[in-house]
Amino acid sequence: MADSDDECEDDSNDQGATTVEAIDEFAAYLALLDVPLDTDLLEWWKLNSDKYPQTARMARQFLTVPASAAGVERAFSKVGRMHSDLRKNLSEGTIEHACMACMNTV
């Protein structure tokens, strides 16, 4: 029994070390000041993913482009239905506010 308890403690220490390493890695990434604004981000991450592996994984997760344009298509469809023959005299601002209200309802 004591051996299995020791193994659990070792696992939790490894997890804590991994968390600290991830925080240190992210802090080092944030400290980079010499990256030009016109840098190709995909190329930069390809070159630096070995140096910042956990941060690169986060970048892949949060910087990806959605594969579908369904949301945009739905928005255009709603606007088309709202801008019918009966509403053609509405001002641009009124249509914009109506679209925002329609798109942001639950």
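Criterion: ILVMFWY side-chain heavy atoms under 4.5 Å apart, direct or through other members. Under it, L30 and I23 are not part of a common hydrophobic cluster.
Pairs of residues two or more places apart, or lying in two chains, never qualify as side chain to side chain donor-acceptor pair (under 3.5 Å) while including a residue from residues 40-50.
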Donor-acceptor pairs under 3.5 angstrom involving side-chain atoms of residues 52-62: please list them, not counting sequence neighbours.
unit_1 : atom_1 : unit_2 : atom_2 : d
T55    : OG1    : E25    : OE2    : 2.9

